[in-house]
Enquirer: 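What follows is a structure written as structure tokens; I'll ask about it next.
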Amino acid sequence: MNDALLRTFVAVPLPAPVRAALGDLSARMQSGGLRGRWVPPENIHLTLAFLGATEPAAVDRIKEAIAEATARRHPFDLTPAGLGVFPGRRRPRVLWVGLQGELEALAALTTAVGRALVPLGVAPSRRNAVGHLTLARARETFDPDPLDAVLQRHREFIGPSFHVDHIVLYRSELGAGPARYRPLVGATFGAAGVSATTGGEP
Ligand code: 2AM
């Protein structure tokens with residue numbers, strides 16, 4: 001394993017009020033007794049593609065690929081709504097909030113980003129075909145009773161709507177505790193070029 005490799009993914013960052021509402025929901029679920037590895041609110045994001053191990057030298061090509069995927073795209077709106085689990089109710093390992101709104105635009109964006117990354121050797125992940133905002137991961141699977149209670153109690157959750165007009169390539173640094181996500185480069189819809197990001201949480 002090459003230490004210099006980065007672990008990267010492409011995501012839509014969420015505005016602070018959306019992260020706050022999801023953090024609030026997550027806190028209520030945790031106080032309901034559901035055990036898992038909870039994503040800190042500042043880390044909650046909408047993943048479009050997971051690249052995994054990435055050569056630092058590939059970042060420029062990824063920047064071009066995500067610029068190409070967003071160049072002719074129009075901004076759209078999404079609303080966090082409802083709950084789900086991956087891979088399914090029989091072996092629930094990931095708990096997430098779903099999305100409503102302009103889902104066709106989101107699917108087109110995910111497909112475009114996935115296609116643009118294929119020449120870079122990135123295999124599209126089926127799990128990103130369902131737009132989701134991960135709140136928690138189980139070490140193995142979630143305990144069924146507290147999970148059922150949480151899914152039942154919060155199934156009608158609706159969060160603040162948000163506008164999607166850019167995407168970001170993040171580097172994920174794993175270590176003790178929650179991952180640290182650092183923005184590397186971004187691409188704004190309809191922009192001919194790309195910009196280095198100046199910050200922004202995932
Ligand atoms: P998630 O959105 O489904 O939780 C950083 O780790 C991001 O990359 C997370 O948001 C996570 O997806 C995604 N990710 C991590 N490992 C992955 C994998 N093996 N396949 C697809 N996506 C993955």
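All figures in this text were calculated on a predicted structure; none of them were measured in a lab.
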Enquirer: With distance as the sole test, does H45 use its side chain to make a donor-acceptor pair with the main-chain N or O of N43 at under 3.5 Å?
Expert: yes
Enquirer: Does this structure show an ion pair linking R182 with E173, if we count only N-O contacts that are shorter than 4.0 Å?
Expert: yes
Enquirer: Rounded to the nearest 0.5 Å, what separation is found between the CD1 atom of I167 and the OG1 atom of T47?
Expert: 12.0 Å
Enquirer: When rounded to the nearest 0.5 angstrom, what distance separates CZ in F142 from CG in L34?
Expert: 5.5 Å
Enquirer: Spell out, as yes or no, whether a donor-acceptor pair under 3.5 Å connects the side chain of T134 to the backbone of A136.
Expert: no
Enquirer: Has R19 got a side-chain atom pairing as donor or acceptor with L14's backbone, closer than 3.5 angstrom?
Expert: yes
Enquirer: Are R89 and D148 ion-paired here, with the side-chain N under 4.0 Å from a carboxylate O?
Expert: yes
Enquirer: Is there side-chain contact between V122 and I62, with heavy atoms separated by less than 4.5 Å?
Expert: no
Enquirer: Between the side chain of S26 and the main-chain N/O of L22, is any donor-acceptor distance below 3.5 Å?
Expert: no
Enquirer: Looking at P75 and H163, what are the two nearest heavy atoms and their distance?
Expert: CB-NE2, 3.4 Å
Enquirer: With a 6.0 Å cut-off on ring centres, are F9 and F50 close enough?
Expert: no
Enquirer: Grab the two heavy atoms, one from V97 and one from A81, that are nearest each other, plus how far apart they are.
Expert: CG1-N, 3.8 Å
Enquirer: Determine whether the aromatic ring centres of residues F86 and H132 are separated by less than 6.0 angstrom.
Expert: yes
Enquirer: What pair of heavy atoms forms the shortest contact from S161 to V18, and how long is it?
Expert: O-CG2, 4.4 Å
Enquirer: What I'd like to find out is whether the side chain of L169 reaches to under 4.5 Å of the side chain of V185, using heavy atoms alone.
Expert: yes
